[in-house]
Amino acid sequence: MSAHADVPDGVARPGRIDRVLISATALEERVHGLAHEIARTYAVTSDGLIIVTVLSGSLVFLADLIRKLPLMLRIGLVTVSSYPGGTTRSAGAKLLTSSYPELQNRDVLLVDDILDTGGTLRLVQREIRAAVPRSLRTAVLLRKTGKAPPDVTVDFVGFDIEDVFVVGYGLDYDGLYRNLPHIAEWRPGNP
Ligand code: 5GP
Ligand code: MG
């Protein structure tokens with residue numbers, strides 16, 4: 001019998017998921033709140049918002065967020081590699097693919113799962129700014145407090161968390177655990 005009763009059998013390897021940091025209910029409530037903040041900000045955008053999201057960690061957050069946004073919007077996608085394979089250390093962000101509508105003179109909201117060292121968002125923000133949008137704001141579900149340098153700004157933040165490696169609700173370790181409904185700490189040292 002696993003000590004981690006919150007992890008459904010067969011969904012994750014028990015023993016590595018250490019503790020639940022943010023429950024599914026708390027996530028739902030906060031994403032609802034973020035959607036309100038975002039909808040208020042873009043209420044007067046007449047030609048539609050363009051949401052550019054960073055795959056794959058933002059998938060679940062994006063899916064929940066956009067269904068709560070009563071706005072005209074289009075989706076663009078970028079893929080950035082920063083945690084290749086089974087590692088919990090950032091290896092420097094690299095833009096792998098990008099596919100989005102014309103951004104020039106449009107309102108763009110960049111959506112990412114988590115702000116850690118800021119390397120990923122700095123890279124993608126630079127890429128989007130080069131396309132000369134009317135406005136660029138950034139939303140992240142999670143922010144590890146005090147780690148990102150001041151030049152990487154975010155406008156909407158779901159939760160500030162401590163500096164631990166987290167999985168679930170889209171976030172992975174080595175491609176796994178994205179389907180957990182909550183955010184949990186993942187510890188390499190556990191059996
Ligand atoms: P940064 O470039 O800010 O250091 O890291 C941002 C990216 O690294 C995130 O988009 C996410 O993909 C990944 N990342 C950072 N911290 C974590 C974490 O605690 N868990 C997981 N699964 N990914 C993380
Ligand atoms: Mg990411």
Side-chain angles (χ1 to χ4, degrees), residues 22-83 93-116 118-144 148 151-161 166-172 175 177-183:
I22 308 171
S23 70
T25 310
L27 283 164
E28 192 187 347
E29 279 170 16
R30 185 64 192 117
V31 172
H32 205 92
L34 276 177
H36 273 290
E37 290 174 36
I38 292 167
R40 254 200 321 271
T41 302
Y42 293 104
V44 294
T45 298
S46 57
D47 50 1
L49 176 65
I50 298 177
I51 294 185
V52 175
T53 201
V54 185
L55 292 175
S56 303
S58 306
L59 268 177
V60 179
F61 174 40
L62 180 83
D64 282 349
L65 182 71
I66 59 172
R67 285 177 293 168
K68 293 181 167 76
L69 283 177
L71 299 170
M72 287 210 307
L73 62 86
R74 294 179 176 84
I75 306 281
L77 305 172
V78 297
T79 315
V80 174
S81 122
S82 60
Y83 283 75
K94 221 191 290 167
L95 194 71
L96 299 180
T97 63
S98 56
S99 158
Y100 39 73
E102 176 64 53
L103 302 182
Q104 188 172 10
N105 204 29
R106 306 299 297 271
D107 292 305
V108 177
L109 177 67
L110 172 60
V111 170
D112 201 5
D113 49 6
I114 182 166
L115 173 62
D116 185 14
T120 302
L121 285 180
R122 181 189 284 110
L123 179 79
V124 182
Q125 285 177 346
R126 194 185 302 145
E127 162 97 0
I128 293 173
R129 280 199 197 98
V132 199
R134 180 191 301 139
S135 68
L136 171 60
R137 293 184 181 85
T138 301
V140 291
L141 177 67
L142 307 173
R143 174 171 61 186
K144 290 184 187 171
D151 67 303
V152 181
T153 55
V154 288
D155 305 274
F156 307 98
V157 178
F159 297 89
D160 280 311
I161 62 165
V166 292
V167 295
Y169 198 71
L171 289 132
D172 74 306
Y177 310 116
R178 294 194 198 278
N179 54 328
L180 292 178
H182 49 254
I183 301 280

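Both backbone and side-chain heavy atoms feed into the values below; hydrogens, waters and symmetry mates do not.
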Q: For residues Pro181 and Leu27, report the shortest heavy-atom separation together with the two atoms involved.
A: O-CD1, 3.5 Å
Q. Where is the tightest heavy-atom contact between Ser58 and Asp113, given as atom of each residue plus distance?
A. OG-N, 3.0 Å
(Q) Under a 4.0 Å threshold between the charged nitrogen and the carboxylate oxygen, would Asp47 count as salt-bridged to Arg134? (A) yes
Q: Return the minimal non-hydrogen interatomic distance between Pro70 and Ala39, and the atom names on each side.
A: CD-CB, 4.0 Å
Q.
Can you give me the closest heavy-atom contact between Arg67 and Asp64, atom names plus distance?
A. NH2-OD1, 2.9 Å
Q) How many angstroms lie between atom CD of Glu28 and atom OH of Tyr169, to the nearest 0.5 angstrom? A) 8.0 Å
Q.
Is it the case that the side chain of Asp155 and the backbone of Thr138 share a donor-acceptor pair, with hydrogens and angles ignored and the cut-off at 3.5 Å?
A. yes
**Q.** Salt bridge present between Glu102 and Arg74 (N-O < 4.0 angstrom)
**A.** no
Q. CD1/Ile75 to CD1/Ile50 distance, rounded to the nearest 0.5 angstrom?
A. 10.0 Å
Q: Please say whether the positively charged group of Arg106, taken as NZ for Lys or CZ for Arg, lies over the ring of Tyr100, i.e. under 6.0 angstrom from the six-membered ring centre and within 45 degrees of the axis.
A: no
Q.
Restricting to non-hydrogen atoms, name the atom on Lys94 and the atom on Leu123 that form the minimum distance, rounded to 0.1 Å.
A. C-CD2, 3.8 Å
Q.
Do Leu136 and Leu103 make a side-chain contact, defined as non-hydrogen atoms from C-beta onward lying under 4.5 Å apart?
A. no
**Q.** Interatomic distance, Thr153 atom OG1 to Leu121 atom CG [nearest 0.5 angstrom]
**A.** 9.0 Å
